[in-house]
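Let me begin by presenting the structure, written as structure tokens, before commenting on it.
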Amino acid sequence: MASQFWKPGAERPPLLTDEDDGLFVMAAQPYYSSGYMTIERQRQTLPAFKHRTPLLYLIENHATTIVIGETGSGKTTQIPQYLVEGGWSEGGRLIACTQPRRIAVQTVAARVAEEMHVTLGQEVGYSIRFEDMTTPGVTKIKYLTDGVLLREMMEDPLLVRYSVIMVDEAHERSISTDILLGLLKKVQRRRPELRLIIASATLEARSIAAFFDTSAERRSQSQAMDLVFPSRKPAILSIEGKTFTVQIFYTEEPVSDYVRDAVSTVNSIHKLEPPGDILVFMTGQDEVDETVQLIQHETENRHSDLVALPLYAGLARVDQEHAFGPIPRGKRKVIVATNIAETSLTLEGIVYVVDSGFSKQRFYNPIKDVEALITAPISRASAQQRAGRAGRVRPGKCYRLYTEDDYTNLMSAETVPEIQRSNLTSTILQLKALGIDSIMRFDWLASPAPEAMVRALETIFAIGAIDSDAKLTSPTGFQIAEIPLHPMLGKTLIASCALGCALEMVTIAAALSVQSIWVPSRGRQKELDEAKLRFAASEGDHITYLNVFEGFLQSQRSAQWCHRNLINYQALKKVEDIRSHLSKLLQRLGLAVKSCERDIKVIQKAIVAGFFANACQLKISVEQGCYKRIRDGEEVFIHPSSVLFRVSPKWIIYHANTVTERHYVREITVIESPWLMELAPHFFHHKSMEY
DNA sequence: TTCGGTCGT
């Protein structure tokens, strides 16, 4: 096998041809698979295998290689192994492969360890927040979230331990991916020996290649164009996937009610098409549930054999698993899902996709400084991704509930990158901590609105993380940046150390960092509300979390106790893990982690010290439960999930907010108004004048 | 009066 590799110094492999613009492109080829095989044989049948030699050649000769790898090409599992085989891990150097999601990091690392016949955590390891499964000096391939690699750059800005960094799923354009790519471009200038591999779906590849193309930049005489090695012009390699063709159908007229049309489309597929599961894309939980009910209702009326199952993130784990499980023989499965099925989860056996053409997307309004969740048309890239879900097992069909004209003329080519749709407080602080002094001049893959950057700078200035020259403060700014939490929560933790309640605050911060400490209970809302009441603190949600965790410890971490109280056992185990990591981190920063021994007021004050910008006052004689945000007068409402919903205390402070039908605020704690002046005089002495 | 697209340090 080894003799097949391209080796440095050898001639260019024959598979490659130059395109006019100097980019290397290789066309996709058909792929066939067979039955049972050994791991080695399986590896060789992956489409990536026949590109191994050209790939190693391109990586040797180009600073950046863009890999267009379709689903099932094997790029994620194989390319890092080829790099090891090609010598890139020699001399103790590491090969990194980043992923946007933790679950992918863990499963891919486990698979590759198996393929290489090594124990996970040795030659092949992974790293996600608070979980480092690598062995220094031994690990050669490291899978990690792009967020973790960004964190590592705070310690090691040039990432000197790495010889090759592969950024996978770059087309998803998460905030971390965008920032990472911007920083890696900078690192390349200082480290010409570093190689980047960027794996992306087709549509995004050209713009990413253009971003990394520094070949036209001015350089000294001695570095004439043809003498530069490796080439600063990115190479592009396309690897075909193991997918089948998907036939696309559009509606002839625009659709006025896509829920109703999805249901009738499902019924006609069932009536007219051969067996095969159906996947329906809807925008949110309510729509998913409604669609499931309508399908079931029609099924009962017509005595047909459809089994409709919901799938969304807020569903209890057991209910999610139903969508993956078997159904009675002779019936057809219909999975009605949110966007979770577009990227996060892969369903086997889907042959038909019904695409509503919409999804819920976050949009940030920097003027009002609010993030809104809005149902909006998806992009063509997204529509293609959804259609692709029908072609995993055999040729499939995709029914788009919109016209071809709308697809071509109304929908945008790509989804707006997340960085242009988000509040940037965390992002900007992190860039500051990485030594990026001029945020405005940073080489963004996609630049956020200047107003959004100004808002973020205002926020990190308000919490004292930067000074009036926009320089990171010492020690506060550095400490907040060190803590892997939202800067306002980081500031709260630091304040809690000074106030002597850090032991309680790390628990609260950990509870705020997990998805939810409660078991998802759609349809059992009353039951959940009753369970919450058992722990509810009059001070609000933060102290309620503390009560839950203390109850958990008193129950001796009993899973039964959790079950009885509708508490998510796995989430609480995670909370315990995170709090111990946070506690150690604070100690490492030289801060005191002490308990306030049930003196709740100091905890509330610590929250004020970090979240004062989110203080709100109850509006009298307006709509019930309507608050005004002190800083700007924005109208907000307590979210029904809060223990303070309908309690309406005079002064509150919130942890998070989203605009949906209304501007809702979540995770609320009662405060006393004098605390605002006491803990954030710099913020309120002039702000309060405005109202 | 009643509600959360999906991720991440």
Side-chain angles (χ1 to χ4, degrees), chain A residues 98-105 127-132 144-154 169 172-180 281-289 311-315 337-345 356 358-363 371-376 378 382 385 415 418-419 421-422 425-427 429-430 433-434 480-487 489-490 509 513-516 518 520-523 525-526 528-529 578 581-582 585 622-626 637-642 645-648 656-662 664-667:
Chain A
T98 74
Q99 297 291 321
R101 281 170 293 280
R102 290 190 288 226
I103 184 77
V105 165
S127 187
I128 58 179
R129 184 178 68 163
F130 301 136
E131 190 177 344
D132 185 1
L144 69 175
T145 50
D146 21 31
V148 166
L149 192 61
L150 271 181
R151 282 265 142 204
E152 287 190 5
M153 292 183 84
M154 285 171 63
E169 312 288 3
E172 289 188 22
R173 303 295 301 272
S174 74
I175 292 179
S176 299
T177 303
D178 267 31
I179 296 292
L180 185 61
F281 282 101
M282 285 293 157
T283 70
Q285 296 181 5
D286 284 345
E287 270 177 24
V288 167
D289 289 341
L311 185 62
Y312 44 80
L315 211 56
T338 61
N339 245 11
I340 194 171
E342 194 179 305
T343 48
S344 304
L345 295 176
S356 63
F358 287 87
S359 71
K360 285 196 183 172
Q361 292 159 41
R362 179 168 52 214
F363 286 96
E371 288 181 338
L373 205 52
I374 292 166
T375 300
I378 60 171
S382 206
Q385 178 77 17
T415 309
E418 192 184 16
I419 204 160
R421 298 184 283 117
S422 306
T425 309
S426 298
T427 306
L429 179 64
Q430 201 164 10
L434 287 161
I480 296 175
E482 278 289 319
I483 300 171
L485 299 171
H486 189 282
L489 194 51
S513 305
V514 297
Q515 293 252 327
S516 169
W518 307 102
S521 311
R522 252 179 110 72
Q525 199 56 57
K526 255 189 94 178
L528 179 64
D529 287 344
I578 294 174
H581 273 100
L582 288 175
L585 174 60
V622 214
E623 199 180 343
Q624 276 284 314
C626 177
F637 294 85
I638 295 181
H639 193 275
S641 62
S642 168
F645 181 63
R646 279 196 282 217
V647 175
S648 301
N657 62 322
T658 327
V659 177
T660 49
E661 294 303 308
R662 276 175 163 183
Y664 282 108
V665 295
R666 294 189 315 276
E667 288 92 28

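Naming convention: chains lettered A, B, ... in sequence-line order (proteins, then strands); numbering from 1 in each chain. Computed from a predicted structure; not experimentally measured.
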Rounded distance in Å - CG (A:Asn657) to C1' (B:dC3): 15 Å
Taking the side chain of A:Thr338 as its heavy atoms from C-beta onward, which of B:dC3, B:dT6, B:dT1 lies nearest to it? B:dT6
Note: A:Glu172-A:Arg101 ion pair, threshold 4.0 Å (strictly below): yes
B:dG5, syn or anti by chi within 90 degrees of zero: anti
Would the distance check show the side chain of A:Ser642 and the main-chain N or O of A:Arg666 forming a donor-acceptor pair, the cut-off being under 3.5 Å? no
Does the base of B:dT9 carry an N or O that pairs as donor and acceptor with the side chain of A:Arg129 under 3.5 Å? no
Between B:dG4 (C1') and A:Met282 (CE): distance, integer Å: 19 Å
Can you tell me if the side-chain N/O atoms of A:Gln285 get under 4.0 Å from OP1 or OP2 in B:dG5? yes
Check: A:Glu418 side chain, A:Ile175 main-chain N or O, donor-acceptor pair, under 3.5 Å: yes
OP1 or OP2 of B:dG8 less than 4.0 angstrom from a side-chain nitrogen or oxygen of A:Arg151, does that happen here? no
Interatomic distance where CD belongs to A:Glu371 and C1' belongs to B:dT6 [whole Å]: 13 Å
Classify the side chain of A:Arg646 versus the base of B:dT2 as yes if they form a donor-acceptor pair under 3.5 Å and no if they do not. yes
So, OP1 or OP2 of B:dG4: does either fall under 4.0 Å of a side-chain N or O from A:Thr660? yes
Specify the separation, in whole Å, of atom CZ of A:Arg421 and atom C1' of B:dC7. 11 Å
OP1 or OP2 of B:dG4 under 4.0 Å from side-chain N/O of A:Ser516: no
Please classify the nucleic acid contact of A:Phe637 as base, sugar-phosphate, or nothing, using heavy-atom distances under 4.0 Å. nothing
Separation of B:dT6 P from A:Phe281 CZ (nearest whole Å): 12 Å
Please tell me which of the listed nucleotides, B:dC7, B:dT9, B:dG4, lies nearest to the side chain of A:Ile128? B:dT9
Separation of atom CG in A:Leu144 from atom P in B:dT9, rounded to whole Å: 10 Å
Side-chain N or O of A:Arg102 less than 4.0 angstrom from OP1 or OP2 on B:dG8? yes
From C-beta outward on A:Ile340, which listed nucleotide comes closest to its side chain: B:dG5, B:dT2, B:dC7? B:dC7
A side-chain contact here means heavy atoms from C-beta on lying under 4.5 Å apart; do A:Glu371 and A:Val659 qualify? no
Is there a donor and acceptor pair, one atom on the side chain of A:Arg362 and one on the base of B:dG5, closer than 3.5 Å? yes
Over all strands shown, is A:Tyr664 touching base, sugar-phosphate only, or nothing at heavy-atom distances under 4.0 angstrom? sugar-phosphate
If you look at every strand shown and take non-hydrogen atoms under 4.0 Å, does A:Ser359 touch a base, only sugar-phosphate, or nothing? nothing
Test item: A:Phe130 and A:Leu585 side chains (from C-beta on) under 4.5 Å apart, heavy atoms: no
Looking for any heavy atom pair under 4.0 Å, which part of the strands does A:Gln361 touch: base, sugar-phosphate only, or nothing? nothing
Name the nucleic acid region contacted by A:Ser344, choosing base, sugar-phosphate or nothing; use a 4.0 angstrom heavy-atom cut-off, strictly under. sugar-phosphate
Rounded to whole Å, please give me the gap between CD in A:Glu418 and C1' in B:dG8. 8 Å
Which nucleotide, B:dG4, B:dT2, B:dC7, lies nearest any side-chain atom of A:Leu373? B:dG4
Checking side-chain contact (heavy atoms from CB on, under 4.5 Å) for the pair A:Lys360/A:Thr375: CA distance, chi angles, key distance, verdict? CA-CA 4 Å; A:Lys360 285 196 183 172; A:Thr375 300; 3.7 Å; yes
Between A:Thr283 and B:dG5, does any side-chain N or O lie under 4.0 Å from OP1 or OP2? no
Nucleotide nearest A:Val148 when distance is taken to its side chain, options B:dG5, B:dG4, B:dT9: B:dT9
Classify A:Glu342 by what it touches in the nucleic acid, base, sugar-phosphate, or nothing, heavy-atom distance under 4.0 Å. nothing
Whichever of A:Ile103 and A:Thr658 has its nearest DNA chain B nucleotide further upstream toward 5': A:Thr658
Please check if any side-chain donor atom of A:Thr658 sits under 3.5 Å from a side-chain acceptor atom of A:Arg362, or the reverse. no
Could you tell me how far apart A:Arg173 (CZ) and B:dG5 (P) are, to the nearest whole angstrom? 25 Å
Select from A:His486 and A:Leu311 the residue whose nearest nucleotide in DNA chain B is closer to the 5' end of that strand. A:Leu311
